[in-house]
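Start at 1 and go down the list; that is how both ligands and their atoms are numbered.
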Amino acid sequence: MKKTYNFSAGPAVLPRKVLEVVQHELLNYKGSGMSVMELSHRSSLYQDIHNETKHLLKSLLNLNDDFEILFIQGGASLQFTMIPLNFAKDKIGDYIDGGTWGKRAIEEANIINPKHTVCLASGESSNYTKIPATPEIPNDGAYLHITTNNTIEGTTLYELPQTNLPLIADMSSNILSVDYDYNQFDLIDAGAQKNLGPAGVCVVAVKKQLLQTINHTLPSMLDYRVYKDNDSLFNTPPTFSIYMLREVLKWVKDLGGVKAMEKRAKQKANLLYDTLDQSKLFDTPVKGKDRSLNNIPFYTQSDALNKLKLAGHRSVGGMRASIYNAMPLEGVKALCDFINTFEKEHLHAQD
Ligand code: PMP
């Protein structure tokens, strides 16, 4: 079979081993005579998947018992709405705008709470090529919202802001790749389709204490308490996505957990950054300590060349390689070889 390395930003590469397990189990899950997709979400076979997935996630992130794991549909984008709706009723929602998705979070919060949404710092003036300096954070807000990895611009917030406010993080593109102290957060959300599994489920880890601050009535499907009180089974959850999430988490565990993932991510990212830094044809917009381990944008001076391969996000142009946990080292080596060969072929065409 033709070997393809998938550098897409999401839906993204999945571990080959996981796909093989899923293929093997597809027609007959654990002797049920059915595919996992056909199982009732109330069946004990599915219930085991649900529970094990929550358990694995909690243990891989080393989360203490104050955390609840919720499975929500609507992607990370719905979290931009649910967060202000649940937590910022009469208080200010504070935001740090580190990139396109942070900005989107603010735009959505502004729809819910036009008078109660504040952007404390933005990286826009540097074209989001650096993480903005941590601003002074007021003590009286409802929460501070950050994006730990800016998927489009390729920057990462490695040092978390110190604040007394509940810390809420969109970790869609680097959950399980960076060994944060995950207990420092009060709510973490991540769309699965980058580092966790296929699209269809958004993982939310939230402290019970934060949920206790909600005291107003909300539509059921937008109310975190409904997900918690019903173990994310108030309605039909995306069972197949959750099953695949469990398989990816087992794979992460077998490879040594988050510390091992971070080590692998550094090795792969360093290889690609070194290749790009040595290149005379390619350049990277992000320099220094804020560079992402997972999303690496780069460009040449020629728009035509930029469009030839690995086109970047349509909003920023250039090229981008996303190298999430499931990307093997060989894939990054193949990309570096390709970059070097491409440079030899095209460098003088530029002169
Ligand atoms: N946040 C970040 C950091 C993202 O990268 C993305 C998707 N690329 C989103 C939010 C939106 O996610 P979804 O498509 O799951 O709504």
J.: Please check if any side-chain donor atom of Y29 sits under 3.5 Å from a side-chain acceptor atom of Y46, or the reverse.
T.: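 Not at all, the side chains of Y29 and Y46 share no donor-acceptor pair under 3.5 Å.
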
J.: Could you find the nearest protein heavy atom to atom 8 (N) of ligand 1 and give me its residue, atom name and distance?
T.: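 The closest one turns out to be K194 NZ, 2.8 Å.
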
J.: Which atoms of ligand 1 sit under 4.0 Å from any heavy atom of G75?
T.: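 So the atoms of ligand 1 that pass are 15 (O), 16 (O).
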
J.: Go through the side-chain N and O atoms of S177 and N325 and say whether any donor and acceptor fall under 3.5 Å apart.
T.: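 On atom types as modelled, these side chains qualify, holding a pair under 3.5 Å.
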
J.: Just jot down the ligand 1 atoms closer than 4.0 angstrom to any heavy atom of T151, in number order.
T.: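 Atoms satisfying the 4.0 Å criterion: 2 (C), 3 (C), 4 (C), 5 (O).
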
J.: Answer side chain, backbone, both or neither: which part of S77 comes under 4.0 Å from ligand 1, heavy atoms only.
T.: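 Answer for S77: both.
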
J.: Specify the closest pair of heavy atoms between L329 and K268, including all atoms of both residues, with the distance to one decimal.
T.: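 For L329 versus K268, the nearest heavy atoms are CD1-CG, 3.9 Å.
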
J.: Would you please test D277 and R291 for salt bridge (charged side-chain N to carboxylate O under 4.0 Å, His left out) and show each step?
T.: CA-CA 13 Å; D277 287 343; R291 280 177 158 180; 3.0 Å; yes

J.: Looking only at protein heavy atoms, which one is nearest to atom 15 (O) of ligand 1, and what is the separation?
T.: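 Of the protein heavy atoms, Q193 NE2, 2.9 Å lies nearest.
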
J.: Can you tell which part of R104 has a heavy atom less than 4.0 Å from ligand 1: side chain, backbone, both or neither?
T.: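 Contact part for R104 vs ligand 1: neither.
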
J.: What protein heavy atom sits nearest atom 6 (C) of ligand 1, and how far away is it?
T.: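 Of the protein heavy atoms, W101 CE2, 3.5 Å lies nearest.
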
J.: Using distance alone, with no hydrogens and no angle criterion, decide if N174 and T148 have a side-chain donor and acceptor under 3.5 Å apart.
T.: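 The answer is yes; a qualifying pair exists.
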
J.: For A76, is at least one N or O under 3.5 Å away from an N or O on ligand 1?
T.: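 Yes.
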
J.: Aromatic contact between Y158 and Y180, with the criterion being ring centroids under 6.0 Å apart: yes or no?
T.: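 Distance test on ring centres: not under 6.0 Å, no.
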
J.: Specify the protein heavy atom at minimum distance from atom 1 (N) of ligand 1: its residue, its atom name, and the distance to 0.1 Å.
T.: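 Checking every protein heavy atom, the shortest distance to atom 1 (N) of ligand 1 gives D170 OD2, 2.6 Å.
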
J.: Does a donor on one side chain and an acceptor on the other come within less than 3.5 Å for N127 and T129?
T.: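 Distance-only check fails for N127 and T129.
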
